[in-house]
Q: 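Handing you a structure now.
Residue numbers begin at 1 in each chain, while the letters A, B, ... track the order of the sequences.
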2 protein chains.
Amino acid sequence: MKAKITLKDIARELEVSISTVSKALKNSEEISRDTKEKVQAFAKLYNYKPNNIAISLKNKRTKNIGVVIPDIVHHFFTTVIRGIEKYANARGYNVIVCLSEESFDKEVINMEMLANGSIDGFIMSLSSETQQKGDFNHLKEVTEQGIPVVLFDRITNEIDCDKVIIDDELGAYMATKKFIEQGKKNIALITTDDYLSVSKARTMGYIRALEESDLGVDESKVLKLPSMEMDEKSIKKFMDSQELDAVLCVNEIFAVYSMRLAQQKGLKIPEDISFIGFTDGLLSKYANPSLTVVSQHGERMGEVSAKMLIDQVESEEEEETYQTKILEPTLVIRDSIFH
Amino acid sequence: MKAKITLKDIARELEVSISTVSKALKNSEEISRDTKEKVQAFAKLYNYKPNNIAISLKNKRTKNIGVVIPDIVHHFFTTVIRGIEKYANARGYNVIVCLSEESFDKEVINMEMLANGSIDGFIMSLSSETQQKGDFNHLKEVTEQGIPVVLFDRITNEIDCDKVIIDDELGAYMATKKFIEQGKKNIALITTDDYLSVSKARTMGYIRALEESDLGVDESKVLKLPSMEMDEKSIKKFMDSQELDAVLCVNEIFAVYSMRLAQQKGLKIPEDISFIGFTDGLLSKYANPSLTVVSQHGERMGEVSAKMLIDQVESEEEEETYQTKILEPTLVIRDSIFH
DNA sequence: TATTAACACGAAACCGTTTTCGTGATGCAT
DNA sequence: ATGCATCACGAAAACGGTTTCGTGTTAATA
């Protein structure tokens with residue numbers, strides 16, 4: 001086992017001072033050509049690499065960014081992470097991922113763990129429990145300490161920081177309007193409780209599209225599940241209870257599952273009943289029929305979030321001016337609706 | 001903005017030395033009751049939290065573990081990460097995720113970045129390019145430096161370290177045998193080139209099951225794709241070229257896609273043709289019909305890997321005895337085969 | 001020859017902890 | 001009064017770097 005070599009080792013071996021070695025490796029003007037060559041050759045030979053921790057301690061920059069998300073086994077979050085990772089890596093940053101698993105306590109613990117010097121900034125999406133409680137003190141504390149935070153997708157207006165979201169209202173509006181244009185009359189919405197910021201916005205888009213049309217809103221055609229967790233029973237009951245010819249779902253799982261229910265009843269998709277979901281994941285692509293979705297562009301969202309965060313981390317002046325980027329959703333047309 | 005408070009700040013404020021503060025906060029016997037109370041109260045009031053970086057530098061432990069995987073938008077890896085994250089977090093570790101994106105170079109760069117003090121150990125699954133090249137020097141360097149490594153799923157025998165895999169050979173064997181028991185005669189395999197350790201093992205299991213039966217192996221019934229990337233054309237061509245009544249696929253995407261091809265030809269699943277895939281993801285669960293799969297128990301794999309790594313990191317003696325844990329795969333029966 | 005600038009390097013502080021060791025003060029026994 | 005523990009605390013080194021500033025040597029200049 002060859003242990004890592006340090007500046008001190010090089011200095012001792014070459015009989016110069018640590019400072020000389022440090023400067024020589026940085027090609028400082030101060031050091032003579034001779035010494036520099038000697039030091040650099042020696043360093044290369046023994047594969048010297050500076051210790052990241054020591055550097056972090058010195059310049060109070062870790063080059064790590066903390067990502068706190070509710071769940072990783074969810075296609076949307078996965079793509080966001082990928083976007084963050086790609087962008088951050090390109091700028092020399094590493095990504096520390098923490099999962100809150102939709103729990104407020106875990107979110108708090110994770111943030112506290114990372115806030116003590118481990119990271120330069122946070123990118124996060126709130127857990128459902130946090131959004132439900134409306135308690136954002138952990139975020140406040142962190143921002144007050146001057147640690148930059150970027151909130152994405154599941155955000156709150158109570159915290160002053162950069163934010164990245166897609167226009168969920170618009171996404172749902174576009175989807176619903178599509179149904180209307182295709183002559184659908186009984187358009188349902190399967191969503192979750194309003195405390196989830198995204199669900200609330202989507203519901204609003206659905207309502208706006210219907211109100212702009214002759215159809216109007218029928219409350220009984222809206223199913224609000226308590227969470228994003230799959231709840232087969234409630235969906236089945238809802239789907240069985242009425243005649244529908246179009247269903248908008250707040251995620252792809254709900255959509256694919258309800259498609260199957262419809263098929264079991266002998267309905268033809270999209271002729272008898274059409275479906276649109278949110279999240280452009282594998283499921284939508286490979287479902288049968290393939291599912292039309294509102295794409296949230298997770299990877300893009302990740303990149304944008306990472307850019308905003310790193311720009312802030314690296315900016316000297318602490319700018320008290322935060323922005324909210326709103327990404328446009330797009331409809332990815334597949335076989336679950338008419339082309 | 002309230003800046004973080006340090007030991008030095010407390011010391012200055014309370015007019016004691018830094019060492020006294022440090023000891024007082026650790027409830028050292030050395031310090032008088034009075035002083036301890038004073039210091040602890042002050043620390044609490046100003047919400048003192050020790051700086052992780054400084055501690056890392058001091059005791060050469062970061063409490064971070066590096067996870068390097070080829071891809072994150074893949075259900076299996078996602079579940080592994082979740083397993084790692086849960087276990088590691090419970091033991092006070094954070095997880096730094098790096099994606100190699102199946103590239104050898106990125107794998108190397110990521111490892112080098114992390115190996116300079118940022119982490120206490122690695123958990124990784126090799127990129128396909130690395131397995132193809134057979135170049136493992138980056139792993140050798142790291143292990144020679146005394147940094148513990150745990151390899152999972154995509155492993156190599158050229159490196160001495162702990163490993164966690166599932167018995168891929170057995171999984172494919174079980175699946176193929178299932179087909180045979182159900183009277184299937186023309187059993188195909190859609191897999192990838194043998195350089196991927198998992199594909200090779202799965203192919204061997206498939207072959208063993210067939211050889212043990214009366215059927216024997218028919219090379220033309222095996223499709224070897226160049227990588228795990230989806231290649232619709234090749235699969236379509238393969239499926240069209242012959243009469244099959246069962247297909248084993250090396251992942252769930254290939255399986256779901258070929259199911260759809262079969263359905264388009266008017267075949268009934270599972271009566272005319274049955275399917276089994278690897279990876280128990282969302283796709284399998286919500287496909288139509290739902291897909292029978294060989295479950296790799298990713299989350300378990302993640303937990304086991306994390307446990308092995310952390311145990312090694314925390315063990316004083318550097319044990320030169322490495323183990324390979326082989327997890328048993330299980331068949332998750334769904335509607336793509338007879339129940 | 002005396003002055004001075006340039007050169008090449010080292011000493012030391014610093015980042016925020018932990019930990020070892022030393023020491024002044026106190027109290028007790030002799 | 002003297003010796004000796006014990007107590008309560010501080011000084012300083014260490015982790016591995018970066019950076020400022022000081023300094024001895026040499027060579028050029030007056």
Q: Picking from Val16(A), Thr6(A), Asp9(A), Leu14(A), what satisfies side chain to side chain contact (heavy atoms under 4.5 Å, CB included) with Val21(A)?
A: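 By the side chain to side chain contact (heavy atoms under 4.5 Å, CB included) criterion, Val21(A) pairs with just one of Val16(A), Thr6(A), Asp9(A), Leu14(A): Val16(A).
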Q: Measure from the side-chain heavy atoms of Leu57(B) and tell me the nearest of dG10(C), dA11(D), dG16(D).
A: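 Of all the options, the side chain of Leu57(B) is nearest to dG16(D).
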Q: Below 4.0 angstrom, N of the basic side chain to O of the carboxylate: do Arg91(B) and Asp311(B) qualify?
A: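 Salt bridge between Arg91(B) and Asp311(B), a charged N being under 4.0 Å from a carboxylate O: yes.
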Q: Thr6(A) near the nucleic acid: base, sugar-phosphate alone, or nothing, with a heavy-atom cut-off under 4.0 Å?
A: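 If one applies the 4.0 Å heavy-atom cut-off, Thr6(A) turns out to touch the sugar-phosphate alone, with no base involved.
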Q: Of the listed nucleotides (dC14(C), dT17(C), dT19(D)), which one gets closest to any side-chain atom of Lys58(A)?
A: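 Given the options dC14(C), dT17(C), dT19(D), the side chain of Lys58(A) is closest to dC14(C).
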Q: Please compare Glu30(A) and Leu7(A) by the position of their nearest nucleotide in DNA chain D and report the one closer to 5'.
A: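 First, find each residue's nearest nucleotide; the 5'-ward one identifies Leu7(A).
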Q: Name the nucleic acid region contacted by Ser19(B), choosing base, sugar-phosphate or nothing; use a 4.0 angstrom heavy-atom cut-off, strictly under.
A: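 If one applies the 4.0 Å heavy-atom cut-off, Ser19(B) turns out to touch a base.
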Q: According to a strict under-4.0 Å criterion, is Ser17(A) in side-chain N/O contact with OP1 or OP2 of dC9(C)?
A: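 Negative; the distance criterion is not met.
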Q: Nearest whole angstrom, please: distance from the C1' of dA14(D) to the CG of Asn59(B).
A: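 Roughly 12 Å, once rounded to whole Å.
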Q: OP1 or OP2 of dG16(C) sitting under 4.0 Å from any side-chain N/O of Lys60(A)?
A: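 Lys60(A) to dG16(C) OP1/OP2: side-chain N or O found under 4.0 Å.
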Q: Judged by each residue's nearest nucleotide on DNA chain C, which is more toward the 5′ side, Lys49(B) or Lys36(A)?
A: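 The 5'-side residue here is Lys36(A).
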Q: Nearest whole angstrom, please: distance from the C1' of dT17(C) to the CG of Asp9(B).
A: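 After rounding, the reported distance stands at 13 Å.
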Q: Tell me what Lys8(B) touches on the nucleic acid: a base, only sugar-phosphate, or nothing, going by heavy atoms under 4.0 Å.
A: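 Sugar-phosphate contact only - Lys8(B) comes under 4.0 Å of backbone atoms but never of a base.
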Q: Using whole Å, report how far NZ of Lys4(B) lies from P of dT17(C).
A: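 Going from NZ in Lys4(B) over to P in dT17(C) covers 9 Å.
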Q: Between Thr35(B) and dC9(D), is there a side-chain N or O to OP1/OP2 distance below 4.0 Å?
A: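 True: Thr35(B) side-chain N/O within range (under 4.0 Å) of dC9(D) OP1/OP2.
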Q: Is Ser56(B) touching bases, backbone alone, or none of the nucleic acid, heavy atoms closer than 4.0 Å?
A: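 The answer is nothing, as Ser56(B) stays clear of every strand by at least 4.0 Å.
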Q: Answer with base, sugar-phosphate or nothing: what part of the nucleic acid does Ser32(B) contact at a heavy-atom distance below 4.0 Å?
A: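 Counting heavy atoms under 4.0 Å across all strands, the contact made by Ser32(B) is with sugar-phosphate only.
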Q: dC7(C) C1' sits how many Å from Glu29(A) CD, rounded?
A: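 These atoms are roughly 12 Å apart.
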Q: Take atom CZ of Arg33(B) and atom C1' of dC9(D), then tell me their distance rounded to the nearest Å.
A: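 That distance rounds to 17 Å.
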Q: Mapping Ile53(A) and Thr20(B) onto DNA chain D by nearest heavy atom, which one lands closer to the 5' end?
A: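 Of the two residues, Thr20(B) wins.
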Q: Answer yes when Arg154(B) and Glu102(B) have at least one side-chain N-carboxylate O distance shorter than 4.0 Å, and no when they do not.
A: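 Salt bridge between Arg154(B) and Glu102(B), a charged N being under 4.0 Å from a carboxylate O: yes.
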Q: Heavy-atom nearest nucleotide on DNA chain C for Ile31(A) versus Tyr48(B): which residue maps closer to 5'?
A: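 Mapping each residue to its closest nucleotide by heavy atoms, the 5'-most match is Ile31(A).
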Q: Report the distance from atom CG of Asn94(A) to atom CG of Asp120(A), rounding to the nearest 0.5 Å.
A: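 So the CG of Asn94(A) and the CG of Asp120(A) are separated by 10.5 Å.
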Q: Picking from dT17(C), dG17(D), dG16(C), which would you name as closest to the side chain of Ile18(B)?
A: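 The answer is dT17(C).
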Q: To the nearest Å, give me how far apart CZ (Arg61(B)) and P (dA14(D)) are.
A: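 Whole-Å distance recorded here is 21 Å.
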Q: Are any of the side-chain nitrogens in Lys86(A) or Glu299(A) under 4.0 Å away from the carboxylate oxygens of its partner?
A: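 Salt bridge present between Lys86(A) and Glu299(A).
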Q: Would you kindly give the NZ-to-P distance between Lys26(B) and dT17(C), to the nearest whole Å?
A: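 Going from Lys26(B) (NZ) to dT17(C) (P), I get 10 Å.
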Q: Is a salt bridge present between Asp162(A) and Lys325(A), judged by a nitrogen-to-oxygen distance below 4.0 Å?
A: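 Looking at Asp162(A) and Lys325(A), the cut-off is not met.
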Q: Please state how far atom CD1 in Ile10(A) lies from atom P in dG16(D), giving the value in whole angstrom units.
A: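 Distance, rounded to whole Å: 13 Å.
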